[in-house]
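If you're wondering where the values come from, they're calculated on a predicted model, not measured in any experiment.
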Amino acid sequence: MSTDEVISELTQKVTCLEATLAEVRQDNEIWERIFTENFWGMVVTDVHNAELLKVNPRFAEMLGYDTTELIGKSSYDIFSPECHQGLPEIFQTIHERAHYAYKSEFRRKDESSFPVHIDSYEVTINSQRLRVVSIWDITESEHKEKELSQYRESLEELVKFRTKELEQVNAQLRSQISQREAVENELAKANQEMINTLESISDCCVTINRQWVITYANKAMLKAIKGNGFKGDFIGASFLEIYDGSNKEIIEACVKAMNDSQPTRLETFAPLIGYWAELSIYPTKSGLSAFFRNIEEKKKIEKALEEEHRRMYMLCDATPGLVHVQEENYKIRFANSSFNAKFGAWEGKTCYEVLAGLKSPCPDCVASTVFESAEPLWREIFFKNRIYEIFLQPFVDADGSRLIFKVLVDITDKKNAEQELARLDRLNIVGEMAAGIAHEVRNPLTTVHGFLQLLAAKDSTKQYHEFYALMIEELDRANSIITDFLSLASNKTSNFELISISRIVRSLSPLLSADALNRDKELRLELEQVTATLGNENELRQLILNLARNGLEAMQGGSTLTIQTFESETYIILRVRDQGVGIDPMILEKLGTPFLTTKEKGTGLGLAICQSIAARHNAVINYESGPTGTTVTVKFPVSNFSRDRITEARDQNGDTRTDVFGFCD
């Protein structure tokens, strides 16, 4: 073959190959479009290592990846972890059958899972085993299938239930028909028995239809109206015409019951039957049934009871104690005038609102205990700075309600008097002791004191002078205590003269100021002009010195002791106020008791002497203490220094003073 022929033949073959190549490229473009534009997700994997070789955009979109991110991943990466265990078996089935369709679950890039339907088959290309997989998301179809299944199950259950229900209803209807026949028979018997009952009762009974015609009246009703002078036909007559003009209250009650279809009850005088009656009205389908019960005897008892209540309330109102009657719900039913004057308006209020101003019962309330035990109770309570003796007596009222009769008696003054009497008894005992032994003890003390002074004066005993001085000092201290005893025991009221409390304090101010200065403390005087009074100046000086020095000893350095004098309408007041740490409440209650002291070297007689001096001057000492200090107030009643006492003092002193009722400085 010539060269030209060879070239020509080769040219033809090249042309043929180019045409074939063009067709192949066209086919590849078609298959590429089918692969990339398919609505299903498509992926090509290697059978041996399960590697993803090629994915279409739809598949990548399902999983939330970009196509390039999926290339090279393992098939296991796109399945949910729960499906991994079964994948080898599925892959083996595909290999054996060459084609297999199944359902599974894929995992998206955001790790959420969704159900899929998978169609897989294997092919061999250029000796390479490939698995071509088509996938579509069946989430919506699964959901609809589940809903359809649930609906089918519900429908089946409903059919079963309705069938069973209809069977039951059918059985019930047959039973009800039998029961109705039995009920009708029983109703006929009951109706006759009811008529017999109405005819036998003593209450008057009337039935009225909706046209207000009287359709029935029992024997008691007919007998009552006949005995009261009624003539004519009662049954069949108009109820409104018969009662018109006799008792409008009865007509109004019946009309209201008919319109409202509600039963009602009232007590009224029934002119037609001639006595007070309790009228009970019951609406029915056909009209009304009315029953009249004779309550003449009840009215008499209520009137007598009302009179008894009135007498009881008058008696309680005249009682000086605070009296009130309490219900089980704590509401006050009655209170006397003393209670009303003390606590104000009580009507419609509870006891804890009126007495304590609380919104709920008092924590220590004993009312419930008294109601349960039904036994009277006596007790003492401390309320609003007053002491009350309270008596609780449970009882049942005529209406059947359980009540408590309470009486509160203010015994504050009585308690104070008892405490004062006890204190005076203690002082009296101490006074008797002092009067009995003071002189006997002083005599040997004087002897010992004298010999100690004699020994202390000798040079031969000079080495013991320090001990003698200590012994003499202690003897002087013992003598001072005896002097306090005698002062405590003294009840003398002589040598009273006109004096000014303010002047006495001012005269003591240099001594007290020096004492305060030595203790690095300050004395402040707030003295007003007060009325001249009758008293013993020496005793009052001792009282003021004792109180002032107690206050100075109770304070720290840099504190201030304040002494005040002023006058109110009924008292001349001396007040000593310190800035100490206060007094223990347990000790505060016992202040003034002999030998009670908190000082290391105190005798416990200072305040007892002050109490004794105050008692001789008809004065009262009060103590108030807190964390910021203690205040002692001595009140001298102005009434004790009346014109008669001052006139008597002038007569005894033999002089006439013109400033008795003036003011002295």
Report, as yes or no, whether the 6.0 Å neighbourhood of atom [atom1] on [X] holds more than 12 heavy atoms from other residues, nucleotides or ligands.
{"X": "Phe395", "atom1": "CZ", "answer": "yes"}
{"X": "Glu296", "atom1": "CD", "answer": "yes"}
{"X": "Glu466", "atom1": "CD", "answer": "no"}

Do [X] and [Y] sit within salt-bridge range, that is, some charged N less than 4.0 Å from a carboxylate O?
{"X": "Glu252", "Y": "Lys256", "answer": "no"}
{"X": "Lys331", "Y": "Glu353", "answer": "no"}
{"X": "Glu267", "Y": "Lys299", "answer": "yes"}

Straight-line distance of [X] [atom1] to [Y] [atom2], nearest 0.5 Å:
{"X": "Thr533", "Y": "Ile572", "atom1": "OG1", "atom2": "CD1", "result": "5.0 Å"}
{"X": "Asn340", "Y": "Asn336", "atom1": "CG", "atom2": "CG", "result": "8.5 Å"}
{"X": "Leu355", "Y": "Cys362", "atom1": "CG", "atom2": "SG", "result": "7.5 Å"}
{"X": "Lys521", "Y": "Leu523", "atom1": "NZ", "atom2": "CG", "result": "12.0 Å"}
{"X": "Leu574", "Y": "Thr633", "atom1": "CG", "atom2": "OG1", "result": "8.5 Å"}

Original post:
Which atom pair, heavy atoms only, marks the closest approach of Ser500 to Val530?
Top reply: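 It is OG-CG2, 4.2 Å.
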**OP:** Evaluate the ring planes of Phe496 and His617, with Trp represented by its six-membered ring, and classify them as parallel (under 30°), tilted (30 to 60°) or perpendicular (over 60°).
**Re:**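 Plane angle under 30°, so parallel.
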**OP:** Quick one: list whatever passes ring pair (Phe, Tyr, Trp, His ring centres under 6.0 Å) with Tyr352, sequence neighbours left out.
**Re:**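 Here the qualifying residues are Tyr330.
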Original post:
Could you go step by step and tell me if Val505 and Ile544 meet the side chain to side chain contact (heavy atoms under 4.5 Å, CB included) rule?
Top reply: CA-CA 7 Å; Val505 175; Ile544 295 169; 3.7 Å; yes
Check whether the side chains of [X] and [Y] place a donor and an acceptor atom closer than 3.5 Å, and report yes or no.
{"X": "Arg524", "Y": "Thr560", "result": "no"}
{"X": "Arg541", "Y": "Ser507", "result": "yes"}
{"X": "Glu567", "Y": "Thr531", "result": "yes"}
{"X": "Glu624", "Y": "Thr631", "result": "no"}

Subject >> Within residues 332-346 or reaching into it, pairs that qualify as salt bridge (charged side-chain N to carboxylate O under 4.0 Å, His left out) - sequence neighbours excluded >> reply: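 Sorted result for residues 332-346: Glu327-Arg333, Arg333-Asp397, Arg333-Asp399.
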**OP:** For Gln262, enumerate each residue passing the side chain to side chain contact (heavy atoms under 4.5 Å, CB included) test, keeping only those at least two apart in sequence or located in another chain.
**Re:**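 So Gln262 forms a side chain to side chain contact (heavy atoms under 4.5 Å, CB included) with Asp260.
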**OP:** Test side chain to side chain contact (heavy atoms under 4.5 Å, CB included) on Gln393 and Ile404 and set out the steps.
**Re:** CA-CA 5 Å; Gln393 175 64 56; Ile404 288 181; over 6 Å; no
